[in-house]
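Below, chains carry the letters A, B, ... as their sequence lines are ordered, and counting in each starts from 1.
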Protein chains: 2
Amino acid sequence: MTTASAAAAPTRARRVERSRRGDKQPTIHDVAKAAGVSKSAVSLAIRNQTGVSEATREHILSVAQELGYRSNVWARSLVQGRTGLVGVLLQDLGNSYHRDVTAGVEDAAAEHDLRLVIAHGRRDHRRLQAELDSLLALGVEGVVIVSSSVPPTYLERIAKRVPLVVIGRLPHEVPGLDTVANQDEMGARLAVQHLMELGHSRIAHLTGSSRPAALHRRRSFAESMRNLLPDVEPQIEGPERLDAAIKYLIFQIQQEKGAPTAVFTQNDRIAAELVGACLDAKLELPHQLSIVGYDNSSVCRMLRPQLTSVDQPRVRMGQMALDMLFERIGGRIEDKHVTIAPRLEVRDSTAPPRD
Amino acid sequence: MTTASAAAAPTRARRVERSRRGDKQPTIHDVAKAAGVSKSAVSLAIRNQTGVSEATREHILSVAQELGYRSNVWARSLVQGRTGLVGVLLQDLGNSYHRDVTAGVEDAAAEHDLRLVIAHGRRDHRRLQAELDSLLALGVEGVVIVSSSVPPTYLERIAKRVPLVVIGRLPHEVPGLDTVANQDEMGARLAVQHLMELGHSRIAHLTGSSRPAALHRRRSFAESMRNLLPDVEPQIEGPERLDAAIKYLIFQIQQEKGAPTAVFTQNDRIAAELVGACLDAKLELPHQLSIVGYDNSSVCRMLRPQLTSVDQPRVRMGQMALDMLFERIGGRIEDKHVTIAPRLEVRDSTAPPRD
DNA sequence: GTGAAAGCGCTAACAT
DNA sequence: ATGTTAGCGCTTTCAC
C-alpha cells in the first residue's frame, strides 16, 4: 500500500462494514501482497497474458485460488470500456419458440465470448421498453430483441446507441438495425400447397392478429390461393372476435354445403383453440376438417390429432441474430435483413377431405 | 481538471478510439463542465439527493438531459460496493410455470428497487452451474433459483457467498439457504380426494421421475390411498420406461377387470402424453379413465378433455422467494423454508367412473 | 520480466 | 450549499 497512510482510515472502516455482511472478497491487491508481486503481475497472470514468467504465473494463480479471488467484472469493464455483455429481450419467456431462439443466441454468444443477459417483456409494450432501457443501463454491447412489439421510433433511437438485431417482423424497415425473420410468405404457401395436394380446395385462413407476421401470412395465403386455386374465393376469418370466427367456421362445416374442408391458422395457439372447439362440436378430425398451424410448438404433439404445422428454424434464427449482432459490434455499418425458409412438419391433423 | 495535464494525453487518445465506435457517452465530468458546477453537484443532482439548491439541480438536470447523459452503473457500483442486481436462474424458460414464477419475482423485485437478471439453465446440470457462476461474476446481490437440479453441495458453497432462495424441492435441506415450495403432499391428497368423491377407488399414479417433488407426490399419493381407500392396493407406474407404463395402463383398461378407473399423474406433461395415448387407443375420456395432472399449465385448456390439474400459486411463490431474498440481503441469518398450499382446478378430464 | 503510477466514471468524506 | 479530494478494483502505459 503506497498511498498516504492517513487516508487509509476511512477505507479500512468501509472494509469492516462490508465484511460484516460476509463479502470480504479478496482483491487483486490482496493477491499481489500474498504472492509477493505487483498488482499488474497478478492482472496479467489471471488474464493469461504474456508479461509474467511461467513460474510467477503459476504461483500467482495458486495463491489466487487459495484466497478465493474472483476478479471484479465491474472494475474491469470500467477501465476497459466494455462489458462483454449482450442482452436478449424476450417478448414472453413462457413458450418453446422463445426458448429455442434463446438457446441459439446463447450458443452463438458463447462462441464469441459474450455473456448473455435475458430480460423479459411480459407481452407488455411498456415493460419491453423499460427492460430495454435497463439492459442499456447495464452496459450491454448489443441487444437481440425477440419481439416485434417494440415501437419502431423507439427502436430507431436505441439503435443509435447500441447495436440491435430484431428477430421477427417489424411493421416497416427501421434504419440502423438488423432483422432476422422466417419467410412467412413461404410458410403460408407451404400450408396451402400441402392442403391442395391432399385434395382440398375450399381452404380457409384463421387469424387473430394484424401484426406484421400475421399480416404476411394472411396476404400470402390469399395470394397462394389465387395462384393455386384461382376458382375458389379465399375465405379469411378474424382477426377480430376470434371466438366468434371459430364458432362460425364450425357452423359452416356442420350446416353448409360449400363449407371449408381445411383451415390454415396464423399460429399453433389458434390452431389448438380450433381443434378444441371442433372436438367440442363433435366434428371428426381430420376427416371433416384438416388443420395446419404455424410454429411447430410443443403443443403440436400433445394434441389429438397431432398438429401439422409450419416450422421456423428457431435455434438457427437465434444463432444468426447473434452473429449479426457481433458483426455490428465489430463495426459493420450497413443494415442487414435475413429471412430463413420454414418447412412444413406434417402430422395427423391433415388428411384428404372426406368426399 | 486538476490532475497533471501531462497525463491527459493517453486519456484523450482513448476517448478518440472510443468515439470512433460511436459511444462517446458524456460523463458526469462533461455535465459538470457544461453546467459550470462540480462533479459532486452533478452526482447529487441526478440522484435526487439534498445538497444542491433547487435551482442548481434543475439547471444540472436540463444540461444532463441535453447532453444525453446516462450515469454509468458500473462506476457507481464499483464505488458503492453494491449493484442492486438480483439473479433469477431458470431451469427452463420455455414453459408457463417458469414464466409465472419469474413474473412474481419481477414484481417483488421492482418493489424493492432491485433489477432482475435472468439466466437460463436449459435443463442442463452443468449449464445451471455455469450460469450461476456467471451471475455471481456479474455481481448480483442474491439469486432466486427456479430449479431443484443444482447439486446441494454446490448450492451450499455458493450460499456462503451470496443469498440464495430455491423455489422447488431439494433432495435434502441445505444449510444457509431458503426455500419456497408448494405442498406436494397436499396436492396429491387433493387429487386422490377429488377422484374418490367422484366414486373412483382404483386409482393409479403415473410418474416419470424420482426427483424430490415427484417423490413427495408419489409418497403422498400412496399414503392418501391407504388413508382414504384402505382396501385398495395403490398402483404406481414409472418412473422408468414411462412409455411402457402408459401402454400397460391402457392395456389394463382395455383387457382387465380390476383395471384403474382414474390416474393421477406427476405433472401435466405426463398427463398430456397419457391423454394422447388413450385417445390413440380409442379410449373414451373421461368415462373410461379420469385423469388428474399437476401444475395447471397452459396445455390443460388446450387438451380435450380439458385437464383437471393441481395448481401451484406460481406468481405468489415467486414473490415470496424474492421477499425472502430481500430479507437475507438485509441481514437475516436463520434459514427459512416456506411451503404454499396448492388447490385443485377441476375441468373435464375427471368424471364418475362408467360403472 | 516486473513494478510504479495514472486513471476508467463515479461517490462520499472532507473542506470551504 | 458548493467544491475538492481520495479512492472503489482493475488495466495499461511506461520506466526499470
- [ ] Using atom NZ of B:Lys39 as one end and atom P of D:dG3 as the other, report the distance to the nearest whole Å.
- [x] 13 Å
Open item on the list: What I want to check is whether the side chains of A:Arg126 and A:Gln129 have a donor and an acceptor closer together than 3.5 Å.
Closed with: no
Task: Closest listed nucleotide, where the reference is the side chain of A:Asn72 and the choices are C:dC10, C:dG3, D:dG9 - done: D:dG9
Task: Separation of C:dG1 C1' from A:Gln49 CD (nearest whole Å) - done: 14 Å
- [ ] For B:Ser71, report the nucleic acid contact type (base, sugar-phosphate, nothing); a contact means any heavy atom under 4.0 Å.
- [x] sugar-phosphate
Task: For atom CG of A:Asn48 and atom P of D:dT11, their distance in whole Å - done: 13 Å
- [ ] Mind calculating the distance between NZ (A:Lys33) and P (C:dA4) to the nearest angstrom?
- [x] 14 Å
Open item on the list: Rounding to an integer number of Å, can you tell me how far A:Ile28 CD1 sits from C:dG7 C1'?
Closed with: 15 Å
Task: A:Arg76 side-chain N/O to D:dG9 phosphate OP1/OP2 under 4.0 Å - done: no
- [ ] Could you state the atom-to-atom distance from NE2 of B:His29 to C1' of C:dC8 in whole Å?
- [x] 13 Å
- [ ] Verify the contact: side-chain N or O of A:Thr56 to OP1 or OP2 of C:dG1, cut-off strictly under 4.0 Å; return yes or no.
- [x] no
TODO: Ignoring backbone atoms, test whether A:Arg82 places a side-chain nitrogen or oxygen under 4.0 Å from the OP1 or OP2 oxygen of C:dC8.
DONE: no
TODO: Could you check which of D:dT11, C:dG3, D:dG9 has an atom nearest any side-chain atom of B:Leu78?
DONE: D:dG9
- [ ] Examine C:dA12: is either OP1 or OP2 under 4.0 Å from a nitrogen or oxygen in the side chain of B:Gln80? Give yes or no.
- [x] yes
Open item on the list: Which nucleotide wins on minimum distance to the side chain of B:Ser43, given the candidates D:dG9, C:dT11, D:dT12?
Closed with: C:dT11
Open item on the list: Distance alone, cut at 3.5 Å: any donor-acceptor contact between the side chains of B:Ser43 and B:Arg47?
Closed with: yes
- [ ] Would you tell me whether B:Ser71 and B:Arg76 have side-chain atoms, one donor and one acceptor, within less than 3.5 Å of each other?
- [x] yes
- [ ] Respond yes when some side-chain nitrogen or oxygen of B:Ser40 is under 4.0 Å from OP1 or OP2 of D:dT2, and no when none is.
- [x] no
Open item on the list: Under a 4.0 Å threshold between the charged nitrogen and the carboxylate oxygen, would B:Arg123 count as salt-bridged to B:Asp92?
Closed with: yes
Task: Toward the 5' end of DNA chain D, by each residue's nearest nucleotide, A:Ala75 or B:Val37 - done: B:Val37
TODO: Calculate the interatomic distance between B:His59 atom NE2 and D:dA1 atom C1'; express it in whole Å.
DONE: 16 Å
- [ ] Evaluate whether atom CD of B:Gln49 has more than 12 neighbouring non-hydrogen atoms of other residues, nucleotides or ligands under 6.0 angstrom away.
- [x] yes
Open item on the list: Less than 4.0 angstrom between a side-chain N/O of A:Ser38 and OP1 or OP2 of C:dG3, yes or no?
Closed with: yes
TODO: State whether B:Ser53 places a side-chain N or O below 4.0 Å from either non-bridging phosphate oxygen (OP1 or OP2) of D:dT2.
DONE: yes
Task: Value in whole Å for how far the P atom of C:dA4 lies from CG of A:Leu44 - done: 14 Å
